[in-house]
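In what follows, chains are A, B, ... by sequence order, proteins preceding strands, each numbered from 1.
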2 protein chains.
Amino acid sequence: MTEATRRERLRVETEREIRQAARALLVESGRDAVTLRAIARKLGITAPALYRYYDSHDALLRQLCDDICADMEGVLYAALAADTSGQVGCQVRAVCRSFRRWALAHPQEFALVFASPRDPLGADQFGAVFLQLAGRLIASNLVAKHADDEVPEVLHEDLVRFQQVLMAAVSVHGVTIEEDVLNLGKIYHVVQSWVRLYGHVALEVFGRFPFAVSNPEPMFDSMLDQMLMDIGFQDE
Amino acid sequence: MTEATRRERLRVETEREIRQAARALLVESGRDAVTLRAIARKLGITAPALYRYYDSHDALLRQLCDDICADMEGVLYAALAADTSGQVGCQVRAVCRSFRRWALAHPQEFALVFASPRDPLGADQFGAVFLQLAGRLIASNLVAKHADDEVPEVLHEDLVRFQQVLMAAVSVHGVTIEEDVLNLGKIYHVVQSWVRLYGHVALEVFGRFPFAVSNPEPMFDSMLDQMLMDIGFQDE
DNA sequence: CGGTTTCAGTGAACGGTGTTTACAAGAGTT
DNA sequence: AACTCTTGTAAACACCGTTCACTGAAACCG
């Protein structure tokens, strides 16, 4: 079955170790510690050998970003799967809380992926879970109707693009959404929710609230409640 | 009047040039380009000489953060002063728009100050303009009354702390706020507004919206409208 | 099997970095 | 004039990303 030659097996194994070492360095000592030489030292090889696997230090960092995204996606999916309530509202809460917890537990990774002035994230790279969940949320039809003409016309073009992204994301999992359910008003509110979720988490991770927060968790939960209320979510 | 000796004058001048050079490098080529040797080259001196002014590269970066904050504060104050409408709603819009424009024009600075896993910003370092404005907004008494018991009790302690920060911020400018006007409900909504403003700006600067945004400006304005509406702001 | 190609890894080198150290030379002080 | 304090230098150390010529073993082929 395994048609791979000995060399090929060794190669993928080494590549795995490189990623693992890079990840450990990032977590332990921050972005600036993710060094070609430090990675090589961990593997017991020399730095130039890494050029057989990556074109440059920058390319390796990009790969690292992808790995982080994939890992986070796994965590969020697990949180989603762990919720057995079957209620979309609970699922949204579970994923959002999971995202916050992940970000607080992995500040370096969060900063690298979500708060670096690099190239924009591709739709695939972007946590597909959020798209999944957003699509599901809309498909559940539990969000209060928001008229399309609530949102300015200038935004229509962009929101339609996001609509297509959402459709593609859920269709991967076999779910289809009726056209009239996925209207622009709802999509706009999904974007607004992302703004608030991301804003709160980033402020917390970077300690940029204008005062010392001693009880961050209930503060986040409170924001979550407000968010769900503002998008007109109705409990089952 | 100027009791400063020749040496003292030269020293402050050199320090000014160091900051200026560091700033230019950050803007032109990003955080990693702010190098002791690069700064020294710009001044025509050698790198070790910089240790007469800063204890380490890290200390210099911290100073750079402070300078950036001060500059941004100046920009925001200017935006606030430029608004002659006298209406608090317009002032809020002016400052928020100015913050967004500054962040987009200075992505490297924004990332360094607002999105780095460093030590939390001190209250003084934190844009005092926001506090100023938040205090003024509340003092104007145009925000709809929000009952204190709307916010969970666990948050009271933290919000009271923020309340004191706000009081201190406005009292510097001679403005005083009546106790009953600055209630916890309003303060909570101010925090929520910061979450949304920061979230939107950061997502835009870092290109982390889940779709390509072709009309970012009206999208921001739309968020601003929603924000002001959600905190129950009533136009004069 | 023997000869050849492919390729992961090496060691040396180049120019860059933060930081420390010993030292020079001018400014300020007595 | 003699002294101290301050600001700069040059040299050195260890680290960094990256290139290049080279080695040795794995894979391939006739």
Side-chain angles (χ1 to χ4, degrees), chain A residues 1-65 108 112 116 118-119, chain B residues 1-65 108 112 116 118-119:
Chain A
M1 205 56 190
T2 58
E3 298 282 356
T5 67
R6 170 174 156 76
R7 249 207 315 228
E8 281 166 335
R9 275 184 291 107
L10 283 179
R11 184 180 178 81
V12 301
E13 174 62 16
T14 304
E15 191 162 349
R16 204 188 54 77
E17 284 180 31
I18 293 175
R19 298 180 182 199
Q20 184 179 310
R23 189 68 170 280
L25 284 166
L26 176 66
V27 172
E28 291 162 15
S29 319
R31 206 202 73 147
D32 293 347
V34 184
T35 281
L36 289 186
R37 286 185 147 94
I39 295 171
R41 265 194 302 271
K42 283 211 172 201
L43 299 212
I45 60 178
T46 59
L50 294 174
Y51 282 82
R52 302 288 174 195
Y53 299 86
Y54 297 96
D55 286 343
S56 67
H57 181 241
D58 204 61
L60 199 149
L61 274 189
R62 262 194 293 276
Q63 172 65 248
L64 183 54
C65 280
Q108 301 289 354
L112 189 64
S116 293
R118 307 175 63 86
D119 36 73
Chain B
M1 206 55 190
T2 58
E3 299 283 355
T5 68
R6 169 174 156 76
R7 235 185 353 209
E8 281 166 333
R9 275 184 291 109
L10 282 180
R11 184 179 177 82
V12 301
E13 174 61 17
T14 304
E15 191 163 349
R16 204 188 56 77
E17 283 180 32
I18 293 174
R19 298 179 182 201
Q20 182 178 312
R23 188 67 170 280
L25 284 166
L26 176 66
V27 172
E28 290 163 14
S29 318
R31 208 202 73 147
D32 293 347
V34 184
T35 282
L36 289 187
R37 286 186 147 92
I39 296 171
R41 266 195 301 272
K42 283 212 174 202
L43 300 212
I45 61 178
T46 61
L50 295 174
Y51 282 82
R52 301 292 175 190
Y53 299 86
Y54 296 96
D55 286 343
S56 68
H57 181 241
D58 204 62
L60 199 149
L61 274 189
R62 261 194 295 276
Q63 172 65 248
L64 184 54
C65 280
Q108 302 287 355
L112 190 64
S116 293
R118 308 175 64 85
D119 37 73

Participant: Answer whether the closest heavy-atom distance between the side chains of A:Asp32 and B:Arg31 falls below 4.5 Å.
Facilitator: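 A side-chain contact under 4.5 Å exists here.
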Participant: Before giving the answer on side-chain contact (heavy atoms from CB on, under 4.5 Å), spell out for A:Arg19 and A:Leu64 the whole-Å C-alpha distance, their side-chain angles and the decisive distance to 0.1 Å.
Facilitator: CA-CA 7 Å; A:Arg19 298 180 182 199; A:Leu64 183 54; over 6 Å; no
Participant: Using 4.0 Å as the upper bound for N to carboxylate O, is an ion pair formed by B:Glu8 and B:Arg11?
Facilitator: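 Salt bridge flag = no for B:Glu8 with B:Arg11.
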Participant: What is the distance from CG of A:Leu50 to P of C:dA8, rounded to the nearest Å?
Facilitator: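 In whole Å, C:dA8 P and A:Leu50 CG are 12 Å from each other.
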Participant: Using OP1 and OP2 only, check whether a side-chain N or O of A:Thr46 sits under 4.0 Å from C:dG11.
Facilitator: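 No, because none of the side-chain N or O atoms of A:Thr46 sits under 4.0 Å from OP1 or OP2 of C:dG11.
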Participant: Hey, does the side-chain of B:Arg37 have a donor or acceptor N/O within less than 3.5 Å of a partner on the base of C:dG16?
Facilitator: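 For B:Arg37, whose side chain was compared with the base of C:dG16, there is no donor-acceptor pair (under 3.5 Å).
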Participant: Find the distance B:Glu13:CD to D:dG8:P and express it as a whole number of Å.
Facilitator: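 Whole-Å distance recorded here is 12 Å.
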Participant: Check every atom of C:dG9, C:dT17, C:dT19 against the side chain of B:Ser56 and return the nucleotide holding the closest atom.
Facilitator: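 Nearest to the side chain of B:Ser56 among the choices is C:dT19.
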Participant: Are there more than 12 heavy atoms of other residues, nucleotides or ligands under 6.0 Å from atom CG of A:Asp55?
Facilitator: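 No - once you tally the heavy atoms of other residues, nucleotides and ligands closer than 6.0 Å, there are 12 at most.
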Participant: For a quick check, with a 4.0 angstrom heavy-atom cut-off, what is the B/S/- contact string for nucleotides 19-27 of chain D, read 5' to 3'?
Facilitator: BB-----BS
Participant: Are side-chain heavy atoms of B:Tyr51 and B:Leu36 found at a separation under 4.5 Å?
Facilitator: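 In short, these two side chains touch, coming nearer than 4.5 Å.
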Participant: Could you walk me through whether A:Ile39 and A:Leu25 pass side-chain contact (heavy atoms from CB on, under 4.5 Å), step by step?
Facilitator: CA-CA 8 Å; A:Ile39 295 171; A:Leu25 284 166; 3.7 Å; yes
Participant: In whole Å, I'd like the distance from the OH atom of B:Tyr53 to the C1' atom of D:dG8.
Facilitator: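 After rounding, the reported distance stands at 8 Å.
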Participant: Please determine if a side-chain N or O atom of A:Arg9 lies less than 4.0 Å away from the OP1 or OP2 oxygen of C:dA8.
Facilitator: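 Answer is no, no contact under 4.0 Å.
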Participant: What are the two closest non-hydrogen atoms of A:Leu50 and A:Ile18, and how far apart are they?
Facilitator: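 It is CD2-CD1, 3.5 Å.
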Participant: Taking only the side-chain heavy atoms of A:Thr35 (C-beta and beyond), determine which of D:dG17, D:dT18, C:dT10 contains the nearest atom.
Facilitator: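 Minimum distance to the A:Thr35 side chain belongs to D:dG17.
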Participant: B:Asp32 has an atom CG; how far is it from atom C1' of C:dG16, in whole Å?
Facilitator: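 After rounding, the gap between these two atoms is 13 Å.
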Participant: Let me know the distance between CD1 of A:Ile39 and C1' of D:dT18, rounded to the nearest Å.
Facilitator: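 About 14 Å, once rounded to whole Å.
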Participant: Taking 4.0 Å as the cut-off, does a side-chain nitrogen or oxygen of B:Arg11 come that near to OP1 or OP2 on D:dT6?
Facilitator: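 Answer is no, no contact under 4.0 Å.
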Participant: What is the separation between atom CG on B:Asp58 and atom C1' on C:dT19, rounded to the nearest whole Å?
Facilitator: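 Going from B:Asp58 (CG) to C:dT19 (C1'), I get 13 Å.
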Participant: Find the distance A:Ile18:CD1 to C:dA8:P and express it as a whole number of Å.
Facilitator: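 Result: 10 Å.
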Participant: Find the distance A:Leu43:CG to C:dT10:P and express it as a whole number of Å.
Facilitator: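 Value for this atom pair: 10 Å.
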